[in-house]
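Quick caveat: nothing in here was measured; it's all calculated off a predicted structure. We count ligands from 1, going down the list as the structure has it; atoms in each ligand are counted the same way.
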Amino acid sequence: MVLNPVISKLAGKLVVLASASPRRQEILSNAGLRFELVPSWFKETLDKGLFKAPHEYAVETAKQKALEVARRMPFKHLKTPDIVIGADTIVTVDGMILEKPVDKQDAYRMLSSLSGKEHSVFTGVAIILCHEKENDEVDYQLVHFYEETKVKFADLSEDMLWEYINSGEPMDKAGGYGIQALGGMLVEYVHGDFLNVVGFPLNHFCKQLDMIYNRLELESGSVHNNGTHLILTQPSPNLPALSKHSSSSGPRPKSPSASQTNGTQSSPSDSPIHKVKRKDTESEVGESSWTLVNSLSKHTDDAETELRDSENTKLPPTTSRGHMIGHNLTEPEDSGPKKEELQRIIELMDGFKASKALFTASEMCVFDLLQSQPGLDAAQVAQEIKASEKGTECLLEACVSLGLLKSKERKYQRPVYKNTDLAKRFLRSDAPFSLHGYIQHCNNTVWPLFSHLESAVREGSNQHEKAFGKKSKDVFQDTFYNSQEIKLRFMNAMHSIAKVTGKAIATAFDLSRFKTACDLGGCTGAMAYEFTKAHPGLSVTVFDLPAVVEMSEHFHPLHTDNRVSFVAGDFFKDELPKADLYILARILHDWPDEKVHILLNKIADASTPGCGILLSEIFLDEDRRGPSRGLLQALSMSVGKQRGATEYSLLLESHGFITAQDVQC
Ligand SMILES: O=c1[nH]cc([C@@H]2O[C@H](COP(=O)(O)OP(=O)(O)OP(=O)(O)O)[C@@H](O)[C@H]2O)c(=O)[nH]1
């Protein structure tokens, strides 16, 4: 029996703790985790000046410790672990990073700098999930996070300091003290996770395991954390007769009681669903980010977020590990371009080439072909897709470098190609989680719009006319979408996204009290089917434009479920079907505030107390500096608007809905 069910998810897996720290070993084994100990050989010598914030340094060191072990084990231990855990603890005070003291004098300098002051303890943690491939290569999926705890020291007399140093305790401990032993006597208070100070943030670790094993699993696989949030809201019980309000398009008067009822939100500890948490209060659990690393390349799509997050806590660079020399508060001299900086810029410059290679391979049905005929060489593929041999070879090689295809070298023969697991799961057109439709939309609609980005920025308007020769005001109703082919393509895109994300959205909240739902703009019904699959007592009405409903039949002939029905109408003009729960998945960002008010007004009119709205969108950070995915999408949006959680909550509140729960999935 283990107390935490997520720990039990690791039973039967080869879990490796890449740490020599006896405290980390003790914390994890006390929690019931069974692991093998392989201390990391990584030397903690990263240049602190490269990091904008101390936690970035701790996280990077943790990553390097874990990666070193993950890479070494298959060769030196002749086995590949399933999971490798690395950690690094540092102390920060007065703009300095303190690690383990190198000698007594160093310990004295550290401890006297902590005397009478509050300082921060950061532990960066890296969890590496290793996936062995058929060709003996290993793919590494990297999850990393950090935790911050504030600790205040009492004023320390010289006698106390030296007595403590002479005890020998400080020497192998970050900041020169061990809070769990004699060092505890020096401490006035601790704000945050105590075990984080000792060397391992167990609670945050379990939450991450939960994310990995319970929350992000999509049937047989997992999805990348992409910054999509959901809000579940319900009308404030203190607003009487919601449905009796006039249906004017303006906001309803805000109820002063609406925000008070927020106090009843469930807490992260008693529910898997996190309560609404603003960025400025998030430090209790720190930040987490996900990076996918394969054996050849590193996709750092969250690097930008990390750099942004760090800007609030700039540290001057220290010159050596944990030493207090070099209180340099001025900018360091520019020593020329750093490898990491250049790499980031090059990744950005090349990003469009990677996208276009993926789109082209997908359009030319390369992934479908290699699914039905794995092991073709470039000439055979070229013949099948009716393309030049030279061009095909380049495309196949590019796809290999992007982790979409695998190639096998053969003696005196040309290499042969087959799909990677990623391509099998997401890129072939008949895969259950196929993104083929969405990729086609990106290639044929989004790409042309982005090629006119400069005009869009200059003119502040959408570039449909330049890109497609047709003006577009209302993308869903105007001439551009009147073509059957384009409409079908758009529906295909929405269908594939709904299938990939639907289960996570449908299961993010406890919806057991809702019996009927209405998926507004529910398109092909893919999302509705995920809801009925996940909730046996729920019936869902898909409400969408007549032309969409008519064509939706193409998408669900095999999945007929009598709990999913379709109603045709315009949600801005027509009466909405009655339901206990209204689903708004990827809808509101398409519209300006005036239109959103019209729609929310109509939902409020159709609602009775106890009804809810489930909102799924990419939420911008409160400072609107991320996530990039949302901000980049905004560049090609015509009339819509990307918003943050607070902005959405205020819009909902102005129509009498309180934000009950917010969850990221
Ligand atoms: O109050 C306490 N604060 C810190 C510690 C221990 O300090 C070290 C921090 O060092 P690091 O993160 O570099 O880890 P290492 O010991 O070198 O082990 P690795 O092999 O994992 O690099 C850590 O051991 C904390 O437990 C403490 O005990 N009390």
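By heavy-atom distance, the residue among E44, R24, K100, Q25 lying nearest atom 14 (O) of ligand 1 is R24. With distances taken over non-hydrogen atoms, the option nearest atom 11 (P) of ligand 1 out of K43, E26, K65 is K65.
Interface of A174 with ligand 1, defined as ligand atoms under 4.0 Å from a residue heavy atom, comprises 4 (C), 7 (O), 8 (C), 9 (C). Set against the non-hydrogen atoms of Q180, the atoms of ligand 1 under 4.0 Å away are 1 (O), 2 (C), 27 (C), 28 (O), 29 (N). Near G178, the atoms of ligand 1 lying under 4.0 angstrom from a non-hydrogen atom of the residue are 1 (O), 2 (C), 29 (N). Taking every non-hydrogen atom of I179 and a distance limit under 4.0 Å, the qualifying atoms of ligand 1 come out as 1 (O), 2 (C), 29 (N). Residue-ligand proximity, K173 to ligand 1, at heavy-atom distances under 4.0 Å covers atoms 5 (C), 6 (C), 7 (O), 27 (C), 28 (O), 29 (N).
With 3.5 Å as the limit, one finds no donor-acceptor pair spanning the side chains of E68 and Q64. There is no side-chain donor-acceptor pair under 3.5 Å between R34 and S29.
Under a 4.0 Å N-O distance rule, the pair R344/E347 qualifies as a salt bridge. One finds no salt bridge joining K100 and D106 here, because no Lys/Arg side-chain nitrogen approaches an Asp/Glu carboxylate oxygen to under 4.0 Å. With respect to the salt-bridge test (charged N to carboxylate O, under 4.0 angstrom), the residues K152 and E118 do not qualify.
Scored by the salt bridge (Lys or Arg N to Asp or Glu O under 4.0 Å) test, E163 finds no partners at all (sequence neighbours excluded).
Looking at S19 against ligand 1, both its backbone and its side chain come within 4.0 Å, counting heavy atoms. Contacts between D172 and ligand 1, counted as non-hydrogen atom pairs separated by less than 4.0 Å, involve the backbone only.
Residue pairs meeting the side chain to side chain donor-acceptor pair (under 3.5 Å) criterion with at least one member in residues 153-162, sequence neighbours excluded: Y108-E158.
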